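Read the structure below first, then the notes.
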Protein chains: 2
Amino acid sequence: MKLGEGVEQAVHSVVMLAQLSPDGLLSAAALAEFHGVRASYLLKHLQALSGAGILRTQPGPKGGYRLARPVGNISLLDIVLAVEGPEPAFRCLEIRQRGPNPLPGKPLRPCAINSAMQRAEQAYRAELRRVTIADILTDVGRDADASAIAARSCAFLAIHERKQEAGRLR
Amino acid sequence: MKLGEGVEQAVHSVVMLAQLSPDGLLSAAALAEFHGVRASYLLKHLQALSGAGILRTQPGPKGGYRLARPVGNISLLDIVLAVEGPEPAFRCLEIRQRGPNPLPGKPLRPCAINSAMQRAEQAYRAELRRVTIADILTDVGRDADASAIAARSCAFLAIHERKQEAGRLR
DNA sequence: GATTTTGTACTCGGATAGGAAGTGTCCGAGTACACATGG
DNA sequence: CCATGTGTACTCGGACACTTCCTATCCGAGTACAAAATC
């Protein structure tokens, strides 16, 4: 039960991208510099987000990343699944059947243990699905510290944000 | 977001131990043989359960493992935490502050992202805390497949179960 | 024959190698701009 | 002066090493039984 630290980078990057103007772009290098992380490592996760349909990319100079969907339609679960993969955390290997004398009737119903673990993970995912980037942004508006950081983000965006050329986004 | 397969082994072992007579013992070798897993690897997790106060051990010949608490007082969460460790899955590294110009006021309130992730994990743990070994056992009684496996467990226990000597348990 | 002593076999416990996955890095494909060139 | 062609610089994308954690294994400490020796 451990999440890679790429998840945090991915979520913060999405939040950052959500704060720029409707047709703005931001390069991976700018995102990495702002968060103090390695650009080449962040790229890996940004690519995962792009492949999952959460981000859109524009190659070439003046290129960068941009949200592919409205902020209300991007949940934390979408990001976590895109970065960590969709596989469930608990995989039942049916070690009940790996003993010296397994039962002949093969297709067993899932055991109670597996069911309980799956229910717990469903609850986890449901909670993450309820929270969207829009919710995060409204919380940012309420919190003083977060507002200060958001102001810093704006200053940073004012320097690094790029306007998207009409009709040239993938 | 991935759990080691030791979790499944640990839970099944606890369920197995819950099915033996009140003062019965079962060796790690027998548990491993029944589940078809490596004994030396299972030992590691059984030790973790022992250290967490879930199992009791009796060393020496005729020794083995036994539950340390009633089945209604052992939740799946206890086992998962004992095996995987108590650290939360998501660790906020505050990469908001790792940028080129961090805020001076140090003690920031936890960011909305971290809060959401923690809430999700709380839901996950709460769901696991609700399920005890007693619940698993009652489910075993209802399911046909599980009952057949339970019968097989009984046959296995009849051979490998050991009676605890009075007053010699650690 | 009963008791003590000793030896052995079996158990758990912690410390030690191997392998997979996450982490970190690199180079290549593609695009847009800028400049130079020709009309 | 304008249009065209070319070169360059910058972007993302995927393929390649390194580190950490999980997996698998080993040897050592401790205990109970059993047998042998002694009283």
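Note that the structure is a prediction, hence the values are computed from the model and not measured.
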Are B:T57 and C:dG13 close enough that a side-chain N or O sits under 4.0 Å from OP1 or OP2?
-> yes
Just compare C:dT31, C:dG24, C:dC12 and give me whichever is closest to any side-chain atom of B:L43.
-> C:dC12
C:dG13 phosphate, OP1 or OP2, under 4.0 Å from B:Y65 side-chain N/O = yes
Whole angstrom value for the distance that separates C1' of D:dC22 from CD of B:Q9 | 12 Å
In whole angstroms, the gap separating P of C:dG22 from CD of A:E84 amounts to 7 Å
Could you walk me through whether A:E8 and B:I113 pass side-chain contact (heavy atoms from CB on, under 4.5 Å), step by step?
-> CA-CA 8 Å; A:E8 185 180 7; B:I113 297 168; 5.8 Å; no
Taking the side chain as C-beta and beyond, is there a heavy-atom pair between A:R38 and A:L43 under 4.5 Å?
-> no
Winner on side-chain proximity to B:S27, out of D:dA9, C:dC10, C:dT11, is C:dT11
How close or far is atom C1' of D:dG13 from atom NZ of A:K44, stated in whole angstroms?
-> 11 Å
Is A:A29 touching bases, backbone alone, or none of the nucleic acid, heavy atoms closer than 4.0 Å?
-> nothing
Aromatic ring pairing A:H45/A:Y41, orientation class (parallel under 30°, perpendicular over 60°, tilted between) = perpendicular
When A:M1 and A:G60 are each assigned the nearest nucleotide of DNA chain D, the 5'-most assignment goes to A:G60
Minimum-distance nucleotide to A:A28 side chain [options: D:dC12, C:dT23, D:dA24] = D:dC12
Which of these nucleotides, C:dA9, D:dA24, C:dT31, is closest to any side-chain atom of A:P61?
-> C:dT31
Find the distance B:L46:CG to C:dG14:P and express it as a whole number of Å.
-> 13 Å
Intermediate values then yes/no, side chain to side chain donor-acceptor pair (under 3.5 Å), A:T138 and A:D135 = CA-CA 5 Å; A:T138 57; A:D135 301 325; 4.9 Å; no
In whole Å, what is the span from the CG atom of A:L93 to the C1' atom of D:dT23?
-> 13 Å
Provide, to the nearest angstrom, the distance between the CZ atom belonging to B:R66 and the P atom belonging to C:dT11.
-> 19 Å
A:E5 CD - D:dT20 P separation (whole Å) | 12 Å
Any B:Q47 side-chain nitrogen or oxygen under 4.0 Å from OP1 or OP2 of C:dG14 | yes
Describe, in one word, how the ring planes of A:Y124 and B:Y124 are oriented to each other, choosing from parallel (under 30°), tilted (30 to 60°) and perpendicular (over 60°).
-> perpendicular
Would you classify A:S40 as touching base, sugar-phosphate or nothing, given that sugar-phosphate means primed atoms plus P, OP1 and OP2, and contacts are heavy atoms under 4.0 Å?
-> base
Separation of D:dC26 C1' from B:R38 CZ (nearest whole Å) | 15 Å
Just call it for A:K2: base, sugar-phosphate, or nothing, with non-hydrogen atoms closer than 4.0 Å on any strand.
-> sugar-phosphate
